[in-house]
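Beneath this line is the structure, given in structure tokens, with notes to follow.
Each chain gets a letter, A, B and so on, in the order the sequences are listed, and its residues count up from 1. Being a predicted model, the structure only gives us computed values, none of them experimental.
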Number of protein chains: 2
Amino acid sequence: MHTTLYAAGVQTGSIHHSLRALILDGRYPPGARLGEVEVAETLGVSRTPVREAFRALTADGLLAAAGRGVRVVELSAEELSHVYRVRAALEALTAELAAERQRAGRLAPAELTDLAALADRTHRATVERELTEAVRLNRQFHRRVAELAANPVALHSLERLWDQIQVSTRRSLHAPDRTALVDDQHRELLAAVTAGDPAAAGAAARRHVLDTCAAARPPEKE
Amino acid sequence: MHTTLYAAGVQTGSIHHSLRALILDGRYPPGARLGEVEVAETLGVSRTPVREAFRALTADGLLAAAGRGVRVVELSAEELSHVYRVRAALEALTAELAAERQRAGRLAPAELTDLAALADRTHRATVERELTEAVRLNRQFHRRVAELAANPVALHSLERLWDQIQVSTRRSLHAPDRTALVDDQHRELLAAVTAGDPAAAGAAARRHVLDTCAAARPPEKE
DNA sequence: CCGAAGCCCGTTGCATACAATGCATACAAC
DNA sequence: GTTGTATGCATTGTATGCAACGGGCTTCGG
């Protein structure tokens, strides 16, 4: 059955990615319970690769075991702030490393130009209220910094955290008055990296992330 | 078959843990190729839960996809140093957070006593050349600090990194003259946390981890 | 003797069949 | 009316069968 007449062999990874994309897009919202058969039919495969994807995504922190079966992870405000703290530490690290590499002359000028362009495009998309695109570009800006740090371990850890944050903050997006501040902080980080100043870059990154964390939960009292 | 006459139902997680333990114990050394049937027979289950464990452990960073099938992750010296840098950033964070909590009076005295006892036992085991026990206690000391930070996200990220390091440094253990230095650095960290001094605690943790990284590859030239 | 091509076997990947568990609902007793 | 229990259903967990891919060995040709 399943119309799949054995084109097979190259699914096990793609199921993982497809499902991850579905979750990040909000197609499966936080807290949603995922059934194996349902997902299997949606993706047109059998339950086996779906189960494997569930395990992988659970280890990735996007799904959580919920008694029988799994649900999309749903972080409380407190848990989210824990994620942000770790993210701040890691982005401070990548910013420092990127600045060090710049100071050592190991960054091509084109890489910094790209980063600046990314900051521009992020700002523009935000001003024009293209939310989805703005989120995508913002994440890409941060990812680019991590790539400049040339530390795959840090990059991978950050991808995990960004994923979790993206899932859990989908609905609480963007106090509008933060637009200018965010852009300023991006510029500040960019400038510190360009100047090859690790301490300044790390501090800028940490501050930016922690500000974002504070902004992510305005209606919380505790 | 499989003699398992359906005691079943509670395996899927335990396979993951059993296999992880086997890898951490060095039963499957770095670079070793893992066959599904072989592991399945070893653990007395069918291939299905083993496959799921493979996926989960791959996401955990303990296994790596190798064309067809998986192998135990084998980090180069350079990759290992990337892991150590991230670990240093994260342990600096947890040390800071633990010290902050101490300053805020949120740590019970017993918790610090426990930590001190752990440092003692680690030192003693090292001096007496009980390698396995020393490694275990050392890890527990670091884990305890992370637990005092009360940030589950940081703790989880660190567990991943510790796992990877433990697998990849099994054979290059312990320059003997570092014993005293390690103990000193543990004491220094403990003192800074006890004093409720986040900056000092963070700095001590970072230095300790980076020193350990430097010691982990003495015969490397590049 | 060496190299290349072809075949065979082992192993993985996916699908499906089957067993068991937990939940919900309905019924009965108090 | 409420509570306890039993039964049926839906869904997960596990095992196994089947097809394809790949590596290794053999063999044939140069």
Side-chain angles (χ1 to χ4, degrees), chain A residues 1-23 27-60 62-74, chain B residues 1-23 27-60 62-74:
Chain A
M1 186 280 181
H2 272 126
T3 66
T4 324
L5 72 153
Y6 273 97
V10 204
Q11 286 179 206
T12 197
S14 63
I15 298 292
H16 181 179
H17 287 106
S18 305
L19 191 50
R20 172 173 172 272
L22 255 40
I23 295 169
R27 176 77 173 63
Y28 292 106
R33 194 178 145 63
L34 268 70
E36 297 180 1
V37 280
E38 173 210 346
V39 174
E41 284 171 4
T42 300
L43 299 180
V45 293
S46 81
R47 285 173 50 214
T48 309
V50 171
R51 286 176 62 81
E52 293 175 12
F54 279 9
R55 298 294 177 271
L57 288 167
T58 300
D60 283 343
L62 274 186
L63 297 178
R68 214 170 173 73
V70 298
R71 25 184 16 104
V72 177
V73 70
E74 187 171 30
Chain B
M1 184 279 184
H2 271 124
T3 63
T4 324
L5 71 153
Y6 274 97
V10 204
Q11 286 179 205
T12 197
S14 62
I15 299 292
H16 180 178
H17 286 106
S18 305
L19 191 50
R20 172 174 172 272
L22 254 39
I23 294 170
R27 177 77 174 62
Y28 292 106
R33 192 176 148 64
L34 268 69
E36 296 180 0
V37 279
E38 174 210 344
V39 175
E41 283 171 4
T42 301
L43 299 179
V45 294
S46 81
R47 287 171 48 213
T48 309
V50 171
R51 286 176 62 82
E52 294 175 13
F54 279 9
R55 298 298 175 271
L57 288 167
T58 300
D60 283 342
L62 275 186
L63 297 178
R68 216 167 171 77
V70 298
R71 25 184 16 106
V72 177
V73 70
E74 187 170 29

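- The side chain of B:S46 has D:dT14 as its nearest neighbour among D:dT14, C:dT11, C:dG13.
- Nucleotides of DNA chain D nearest to A:L34 and A:T48 differ in position, and the one nearer the 5' end is that of A:L34.
- Between atom CD of residue B:E52 and atom CG of residue B:L19 there is a gap of 13.0 Å, rounded to the nearest 0.5 Å.
- A straight line from CD1 of B:I15 to P of D:dG13 spans 13 Å, rounded to a whole angstrom.
- One can place CD of A:E36 at 11 Å from C1' of D:dT14, the figure rounded to the nearest angstrom.
- Atom CZ in A:R33 sits roughly 13 Å away from atom P in C:dG22 (whole-Å rounding).
- When the P atom of D:dT11 is taken as reference, atom CZ of A:R51 falls 14 Å away, rounded to whole Å.
- In this structure, A:E38 places its CD atom 12 Å from C1' of D:dT11, rounding to the nearest Å.
- The heavy-atom pair separating A:S18 from A:L43 by the smallest distance is CB-CD2, 4.3 Å.
- Closest heavy-atom contact between B:V72 and B:L63: CA-CD2, 3.8 Å.
- Judged by atom type and distance alone, A:R47 reaches the base of D:dG13 through a side-chain donor-acceptor pair under 3.5 Å.
- The distance between atom CD of B:E41 and atom P of C:dT12, rounded to the nearest whole Å, is 11 Å.
- Following rounding to the nearest Å, B:L43 (CG) and D:dT14 (P) show an atom-to-atom distance of 12 Å.
- Projected onto DNA chain D by closest heavy-atom contact, B:R68 and A:R55 fall at different nucleotides, the more 5' of which corresponds to A:R55.
- In this structure a side-chain-to-backbone donor-acceptor pair under 3.5 Å is missing from B:R33 to B:R71.
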